[in-house]
Amino acid sequence: MIQHSQTSLGMDQARQAILTPLTAVSGWERVSTRDALGRVLAEPVIAPCNVPAHDNSAMDGYAVRHADLAAGAESRLQIVGTAFAGRPFSGITGAGQAVRIMTGAEIPRGADTIVVQEIVRIEDSSVLIPAGQKAFQNLRRAGEDLAEGSVALPAGKRCSAAEIGLIASLGIAEVSVRRRLRVAFFSTGDEIATIGRPLGPGQVYDSNRYTLYSALTLLGCELLDMGVIEDKPEALEQAFIDASNNADVILTSGGVSVGEADFIRELMARLGDVAFWKIDIKPGRPMAFGRIGNAWIFGLPGNPVAVMVTFYQFVKDALLALSGVSPLPEHILFEATIDSAIAKRPGRCEFLRGRLAFVGGRCTVSVAGAQGSGVLKSMSDANCFIVLPEDQGDVASGGSVLVQPFDGLF
Ligand code: AMP
Ligand code: MG
């Protein structure tokens with residue numbers, strides 16, 4: 001159910017209203033482990049073996065039998081061989097014997113304790129071990145990281161470097177992932193000019209389509225770039241119909257604010273079930289959300305920074321949910337000290353572009369340049385949003401504010 005609302009929506013209300021009706025795409029495919037980077041697991045990865053596969057040494061040193069060591073005195077043991085990583089000692093560690101062992105080498109049969117090389121003395125072919133060694137010390141047990149048959153990664157996990165490495169550590173060469181989400185996107189507006197050509201009078205270059213292209217690519221979506229569509233009803237209607245026939249999601253920018261090009265709102269509403277929301281945020285107040293045919297649609301504002309804010313706060317999680325990511329990543333906010341005063345009226349949540357640093361043992365944040373909703377330079381200079389919640393008023397210099405660090409998408 002799409003929530004229609006005449007009154008304006010709070011941040012959390014809008015997020016809920018978007019996420020509630022969404023269900024993940026159902027298609028999946030098998031891909032090689034490397035190609036799973038950025039993809040979402042369609043089924044759990046079950047460990048086919050123990051990791052580590054064998055009991056092994058965590059240190060360079062000597063493998064011994066703890067029972068051979070005297071409780072309060074130095075012990076002398078006969079060195080009978082060496083165990084290397086990948087080249088085990090084939091014999092048995094008998095009573096009174098020790099085996100020289102390298103990190104990662106399999107523990108020789110009979111031994112149960114590793115003594116690090118830094119604390120021993122060597123005399124001829126004997127090793128002298130000080131008192132105070134604990135049984136089973138410095139061992140890594142087979143299956144200690146992952147036991148055979150256990151869930152190594154749950155379905156719904158999006159694979160980053162750690163997951164790809166983990167899958168490889170299990171010897172798995174192929175996994176099942178959800179199909180990529182197909183996202184159609186276009187810019188609207190008669191004033192929007194295509195890059196690589198001279199700018200006409202009153203025109204602005206289309207940056208939104210490039211921002212969206214980049215963020216969608218980093219999210220692993222399959223893209224259908226539909227270019228710039230003029231503010232003409234027939235052109236827009238055709239674009240919406242084509243997009244809804246070919247994509248899971250339609251993203252547009254511009255044309256959703258009240259008053260200008262009202263037919264876009266009319267069109268979206270006529271072609272599908274689309275709600276127009278005033279959200280209590282700055283920038284990014286007007287936004288459309290709904291469904292046309294089988295596609296979800298997000299009508300983002302036109303201003304370039306408003307596009308980025310609404311994408312980051314609303315669209316990103318929706319795309320992840322539709323891609324099968326579960327649970328969704330936490331929105332991590334924490335407090336930092338602001339180094340200038342900020343004027344703010346209570347009533348809506350404001351997102352400022354900020355520059356976060358760790359100075360003198362504290363997280364400090366500065367406002368990253370001019371904050372107009374068209375200023376992409378300060379978006380580029382920023383590494384976080386400064387989040388001023390709805391009920392927040394003015395902030396004094398040296399006061400505390402919430403920050404939301406960018407997560408690699410921006
Ligand atoms: P609109 O919501 O269509 O009124 O657009 C708001 C502002 O954003 C206007 O100044 C537009 O020129 C600008 N804008 C809209 N679309 C884009 C775009 N694709 N790239 C850059 N600026 C845009
Ligand atoms: Mg416009």
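Below, all heavy atoms of this structure are taken into account, side chains as well, without hydrogens, waters or symmetry copies. As the structure lists them, so they are numbered: ligands from 1, and atoms in each ligand from 1. It should be emphasised that the depicted structure is a prediction, and the values quoted were computed from it without experimental measurement.
D35 has no carboxylate O lying under 4.0 Å from a charged side-chain N of R39, or vice versa, which leaves the two without a salt bridge. A salt bridge does not link E234 with K232: none of the charged nitrogens is closer than 4.0 Å to a carboxylate oxygen. Using a cutoff of 4.0 Å between basic side-chain nitrogens and carboxylate oxygens, D12 and R15 are not scored as salt-bridged.
The contact set between ligand 1 and S187, taken as ligand atoms under 4.0 Å from a residue heavy atom, comprises 19 (N). With ligand atoms numbered from 1 in the order given, ligand 1 contributes 1 (P), 2 (O), 3 (O) to contacts under 4.0 Å with heavy atoms of G255. Close approach of ligand 1 to E191 (heavy-atom distance below 4.0 Å) involves ligand atoms 11 (C), 12 (O). Taking every heavy atom of D206 and a limit of under 4.0 angstrom, the matching atoms of ligand 1 come to 18 (C), 19 (N), 20 (N). Taking every heavy atom of P304 and a limit of under 4.0 angstrom, the matching atoms of ligand 1 come to 21 (C), 22 (N). Atoms of ligand 1 lying under 4.0 Å from any heavy atom of Y205, numbered from 1 in the order shown and given with element: 20 (N), 21 (C). With ligand atoms numbered from 1 in the order given, ligand 1 contributes 6 (C), 7 (C), 8 (O) to contacts under 4.0 Å with heavy atoms of N303. For ligand 1 and S207, the ligand atoms under 4.0 Å from any heavy atom of the residue are 20 (N), 21 (C).
Aromatic pair F289/F276: ring centres not closer than 6.0 Å. Checked against a 6.0 Å centroid threshold, the rings of F314 and F298 do not count as neighbours.
When the heavy-atom distances from atom 5 (O) of ligand 1 to G302, S253, G189, G374 are ranked, the shortest goes to G302.
Both the sub-6.0 Å distance and the 45° axial angle are not jointly satisfied by R178 relative to the ring of W28.
If you look at I192 next to ligand 1, the close heavy atoms, those under 4.0 Å, all belong to the side chain.
Other residues, nucleotides and ligands contribute at most 12 non-hydrogen atoms within 6.0 Å of the CD atom of Q6.
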